[in-house]
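Structure, as structure tokens:
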Amino acid sequence: MSNKLDAKIPEGPLSDKWTKYRSTVPLVNPANKRSLEIIVVGTGLAGASAAATLAELGYKVKAFCFQDSPRRAHSIAAQGGINAAKNYQNDGDSVYRLFYDTIKGGDYRAREGNVHRLAEVSGNIIDQCVAQGVPFAREYGGLLSNRSFGGTQVQRTFYAAGQTGQQLLLGAYSGLERQVGIGNVTMYTRHEMLDVVMIDGKARGIIAKNLVTGELERHFGHAVLLCTGGYGNVFYLSTNAMGSNVTAAWKAHKKGANFANPCYTQIHPTCIPVSGDHQSKLTLMSESLRNDGRIWVPKQKDDKRAGNDIPEEERDYYLERRYPAFGNLVPRDIASRAAKERCDAGYGVGASKMAVYLDFAFAIDRYGKIEANKKNMHDASKEQITEMGRAVVKEKYGNLFDMYKQITGEDPYVLPMRIYPAVHYTMGGLWVDYNLMTNVPGLYALGEANFSDHGANRLGASALMQGLADGYFVIPYTIGSYLSSEIRTKSIPTDHPAFVEAEKAVQDRINKLINIKGKQSPESFHKRLGKIMWDKCGMARNEKGLKEAIAEIQALKKEFWSDLRIMGDADEFNPELDKAGRVADFIELGELMCVDALNRNESCGGHFREEFQTEEGEALRDDENYMYVAAWEYEGESKWNLNPEPLIYENIKIAQRSYK
Amino acid sequence: MSEGNMNITLKVWRQKNKKTSGKLETYQVEGISEDMSFLEMFDVLNERLVSEGTEPIAFDHDCREGICGMCSMYINGQPHGPLQGVTTCQLHMRSFKNGDTIVVEPWRSVAFPVVKDLVVDRSSFDRIIASGGYISVNTGNAQDGNSLPIPKDDADKAFAAAACIGCGACVSACKNASAMLFVSAKVSQLALLPQGQPERQDRAMKMVAQMDAEGFGSCTNTGACAAECPKEISLENIARLNREYLGASLGSTN
Ligand SMILES: Cc1cc2nc3c(=O)[nH]c(=O)nc-3n(C[C@H](O)[C@H](O)[C@H](O)COP(=O)(O)OP(=O)(O)OC[C@H]3O[C@@H](n4cnc5c(N)ncnc54)[C@H](O)[C@@H]3O)c2cc1C
Ligand code: SF4
Ligand code: FES
């Protein structure tokens, strides 16, 4: 295998790598930091934590986001929690176990060195957030509370009701705004990065569009950090926020950054099912619900009875049946495929039959009895027990239940929830080395935008951990290894030809989009792309479908560039134009995802190729031929070169992943 | 596209930009399903406007699940519409009747200038946070998370205040355009926690000063803010802020 990409994993025993790296990485002295400028694109968990921390260290930071405030980044919507190997519950957790669970959960497709570092810093994240005033859930004794997430057998998830992402982001945002107030960060809201500026082979700045005025701006930086989130919206319908997009990462890709494992997408098992063609997004029901909810379908095909009318012995708790060791807490890829399998076989529930039940009746009863005991009510009636049990469930998941009711019109305290898998997260992203730098010098990727830590499947509550690890505890060190050799580089004036040229290219493309003056809206193209991707590169893929998808996407691209209609002008606030640019990039990415899925002749984690499965329908990996990171280098329209980075396991014994 | 059988008359505020004046335009939308969200109805209308060659209506939105605080429509005289405790994006058409006329305007406040149509500029909120809405702790300075037990009740109250999504409905609902509910939610969250104590006085003073500087009105305790707040942030927070502020001005911590 060619090894064009150097992951720069430090030598030495796994558990010493990071410690040793930290104590030997070159430093930048405080006076020099003041003259080094860093551009941070994106202010979700990864970007806000990075921007705040780098500014605290003394760097000059410019931060960008496309929303009207950094507090609104997609991270705000994360519900269930954040993992950390604190072992506060004394249930056998450790850094090694979190490391091991993450590698195994990712179906042995992530780097040992990166993941171990992630587990090592996980505890610091919780400490930092508590210090910022993040109101995590607590026990009556005043100490932090934990719950379980899928793919683990310990309780290591910290949470703030069903609003963990909100509270963590508001913590990072307050740190960021503090630096804005002090003057160490300049914040550009309603700005969209539209290109990376390259000078002498290094990333030296960006072209950003002021979304309110439509003006293009040039910004210089000694380094550029992309913290721009995931690309799940390539499927049109997903649990991501409406604005989440791949544009920043895609522009970087076209400027030379390798895009790694694009086909690894996570389909989350518990989302509210689609209700009609008007649907604009899908709503997640947090994985934490699987702590207390039991998933089932009727044993009888096409059962028309209401859920509550189906007696216990006629229900199939298929996850508990198939995976007794982990039951309802199997990892997401497995739970999603199992739901699809039942629905495809005709056991689905609800009007569309594309749903399964997530039932809280048992939990309500169990909690109700515990409460009764706590209150010494030994002859509590069934109604009293139910009422007390509902109160406990409300405290744990109240906002999720309210959201469900608001969307479906059904009361989940009384009726079992109906759920179905939906696109949720993208493990793929820009290829980065141990320093979080892409193969383009000076260009970094953090958070969901990079590919690094989750292999082929991410475990629940690990994205928030990774985003904050990258921003608070990794980049502040690793960026020194690059910037320490940049201290002599003066700020480059933005009338440099590279800036002028990059801006012109962006302007030309905007003009081109506006001047197509065809008939179809950006939205309609996005919907069509999403359908191709979901049908042929979704929860299950096969060679024939992927080949068809590639042809269909190429045809869609042609149609897009000849029949797009954008209303309004370029020099004003114009969400249609912004959307069009994003859809254009999604179309190109969609093609690469199919190319990657087609190349990977195995099933692993979220990538399930129908041709490669065990007799029981489990994913069948091919470690001999595919134990590598597929990093794709852009070579021109519809042309990519594959740079595989072999994965080396020195500490973990590779096995078929089993949750039985 | 017609998925349902509701026909709605929409009167929507159209305004090209900050500098021009705006006016209400009337649109008929047909075939609306009651499962649609209010914003999905706007999606349907916007798609139609594009196909007719008219500029679609600009509105802010992102998460569409009631948490980012981006959506901001003033619906029939109420911020976020008729339903209690929900944002515009979580409002569904089942809350309306076939044949209804619905008037949709942007937030109205001097501190929230209109950007376009239903989109306003709420950067004043960020500046209020930047003035003091934080605990000054640099990354890496923290002690172990469990070394500071916090009574569950305090943690829960802090969480309830921290649930504010920064949407600005409180300002929009208030006849004085006061931002007291928003500011008090942040001040309360941090004042209720032990970590927030060292900067407690300073924080209240600075945030209130910034709020005044941004041109928000003063609070006359009418309570419209809390009644319209999608996260049901309680008026108790305003009372607490008043105590904090008074305490700080008098130089004591209570
Ligand atoms: C509904 C939901 C629930 C989730 N729950 C959990 C959970 O419980 N636990 C967990 O661990 N994970 C969870 N996740 C996953 C997790 O929330 C995300 O992976 C994570 O928040 C991503 O953070 P980020 O900082 O990388 O990116 P984001 O939060 O997506 O931030 C992206 C930032 O980039 C900016 N941006 C993007 N493009 C541009 C551009 N071109 N120019 C300028 N700015 C740009 C945006 O404005 C934004 O500020 C959940 C995800 C969803 C969808
Ligand atoms: S207090 Fe309520 S209405 Fe005001 S900004 Fe916060 S969430 Fe919105
Ligand atoms: S769109 Fe996020 S709260 Fe409404």
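Within every chain, numbering begins at 1; the chains are lettered A, B, ... in the order of the sequence lines, protein sequences first and strands thereafter. The analysis underlying the following values was restricted to heavy atoms, covering all of them including side chains, and did not include hydrogens, waters or symmetry mates.
If you tally non-hydrogen atom pairs under 4.5 Å between each of A:G171, A:A160, A:S244 and chain B, the highest count goes to A:A160. With respect to chain A, the highest number of heavy-atom pairs below 4.5 Å among B:P56, B:A130, B:S51 belongs to B:A130. When each of A:T189, A:V130, A:V134, A:N124 is scored by its heavy-atom pairs under 4.5 Å with chain B, the top score falls to A:V130. Across A:M187, A:R71, A:Q163, A:E139, the residue that shares the most heavy-atom pairs under 4.5 angstrom with chain B is A:R71. With respect to chain B, the highest number of heavy-atom pairs below 4.5 Å among A:S521, A:G181, A:S49 belongs to A:S521. Most heavy-atom pairs under 4.5 Å with chain A: of the set B:S136, B:G133, B:G196, this distinction falls to B:S136. With chain B as the partner, the residue from A:L169, A:T283, A:I126, A:V180 showing the most heavy-atom pairs under 4.5 Å is A:T283. Chain A forms the most heavy-atom pairs under 4.5 Å with one residue out of B:L193, B:I135, B:N146, B:V137, and that residue is B:N146. When each of A:S280, A:P575, A:G243 is scored by its heavy-atom pairs under 4.5 Å with chain B, the top score falls to A:S280. For chain A, the option among B:A162, B:G132, B:G140, B:A158 with the highest count of heavy-atom pairs below 4.5 Å is B:A162. Most heavy-atom pairs under 4.5 Å with chain A: of the set B:A155, B:S33, B:G69, this distinction falls to B:G69. In terms of non-hydrogen atom pairs under 4.5 Å with chain A, the most contact-rich of B:A58, B:G166, B:A161 is B:G166.
If you run side chain to side chain contact (heavy atoms under 4.5 Å, CB included) between B:L45 and each of B:I32, B:I8, B:L10, B:V50, only B:L10 comes through. Residue B:D62 forms a side chain to side chain donor-acceptor pair (under 3.5 Å) with just one option from A:H74, A:K281, A:Q67, A:R72, and that option is A:Q67.
For chain A, no part of B:L39 is nearby; none of its heavy atoms comes within less than 4.5 Å. In this structure, the portion of A:L282 lying under 4.5 Å from any heavy atom of chain B is its backbone and not its side chain. Looking at B:S131, there are no atoms closer than 4.5 Å to chain A (heavy atoms on both sides), in backbone or side chain. In this structure, the portions of A:Q132 lying under 4.5 Å from any heavy atom of chain B include both its backbone and its side chain. Looking at A:L284, the atoms closer than 4.5 Å to chain B (heavy atoms on both sides) all sit in the backbone: N, CA, C or O. Contacts of B:L91 with chain A are made by backbone atoms alone, with heavy-atom separations under 4.5 Å and no side-chain atom involved. Heavy atoms closer than 4.5 Å to chain A are found in the side chain of B:R94, but not in its backbone. Only the side chain of B:E40 comes within contact range of chain A, judged by heavy atoms closer than 4.5 Å. Heavy-atom distances place both the backbone and the side chain of A:Q406 under 4.5 Å from chain B. The parts of B:A163 that come within reach of chain A are both its backbone and its side chain, each placing non-hydrogen atoms under 4.5 angstrom from that chain. Contacts between B:V86 and chain A at a heavy-atom distance below 4.5 Å involve the side chain alone, from C-beta outward. Contacts between A:Q128 and chain B at a heavy-atom distance below 4.5 Å involve backbone atoms as well as side-chain atoms. Using a 4.5 Å cut-off between heavy atoms, B:N17 does not touch chain A at all. The contact between A:T408 and chain B is made entirely by backbone atoms, counting heavy-atom distances below 4.5 Å. The contact between B:V119 and chain A is made entirely by side chain atoms (from C-beta outward), counting heavy-atom distances below 4.5 Å. At a 4.5 Å heavy-atom cutoff, B:S37 makes no contact with chain A through either its backbone or its side chain. For a residue to count as touching a neighbouring chain, one of its non-hydrogen atoms must lie under 4.5 Å from one of that chain's; by this rule A:K517 does not touch chain B. For chain B, the nearby parts of A:D68 are the backbone and the side chain; heavy atoms of each come within less than 4.5 Å. With a threshold of 4.5 angstrom between heavy atoms, B:Q90 approaches chain A through its backbone and through its side chain.
Aromatic rings from B:F159 and A:F136 are positioned such that their centres are separated by 6.0 Å or more. Not less than 6.0 angstrom separates the ring centroid of B:Y27 from the ring centroid of B:F42.
A salt bridge is absent between B:R14 and B:E55; no separation between the charged side-chain nitrogens and carboxylate oxygens falls under 4.0 Å. Salt bridge B:K116/A:E572: present, at least one basic N to carboxylate O contact under 4.0 Å. The residues A:D127 and A:K86 are annotated as salt-bridged, a charged nitrogen and a carboxylate oxygen being separated by less than 4.0 angstrom. With respect to the salt-bridge test (charged N to carboxylate O, under 4.0 angstrom), the residues B:E52 and B:R48 qualify. Of the charged side-chain nitrogens involved, at least one lies within less than 4.0 Å of a carboxylate oxygen, so that B:K206 and B:D202 count as a salt-bridged pair. Between B:E244 and B:R200, at least one side-chain nitrogen of the basic residue sits less than 4.0 Å from a carboxylate oxygen of the acidic one, meeting the salt-bridge criterion. In summary, B:R122 and B:D60 engage in a salt bridge, as defined by a charged side-chain N under 4.0 Å from a carboxylate O.
In this structure, a donor-acceptor pair under 3.5 Å is present between the side chains of A:S145 and A:Y159. The closest side-chain donor-acceptor pair between A:H424 and A:T239 falls under 3.5 angstrom. If you check the side chains of A:R178 and B:N138, you find a donor sitting under 3.5 Å from an acceptor. Looking only at atom types and distance, the side chain of A:Y88 has a donor-acceptor partner in the side chain of B:D144 under 3.5 Å away. Using modelled atom types and a 3.5 Å distance limit, the side chains of A:Q520 and A:D563 yield a donor-acceptor pair.
At most 12 non-hydrogen atoms from other residues, nucleotides or ligands lie less than 6.0 angstrom from NZ of A:K405. Within 6.0 Å of CD in B:E236 there are 12 or fewer heavy atoms belonging to other residues, nucleotides or ligands.
Contacts between residues 182-190 of chain B and chain A, counted as heavy-atom pairs separated by less than 4.5 Å, involve B:F182, B:Q189, B:L190.
Ring planes of B:H61 and B:F59: tilted class, angle from 30 to 60°.
With rounding to the nearest 0.5 Å, the separation of CZ in A:F473 from CZ in A:R22 is 9.5 Å.
A donor-acceptor pair under 3.5 Å is absent between the side-chain atoms of B:E214 and the main chain of B:F125, judged by distance alone.
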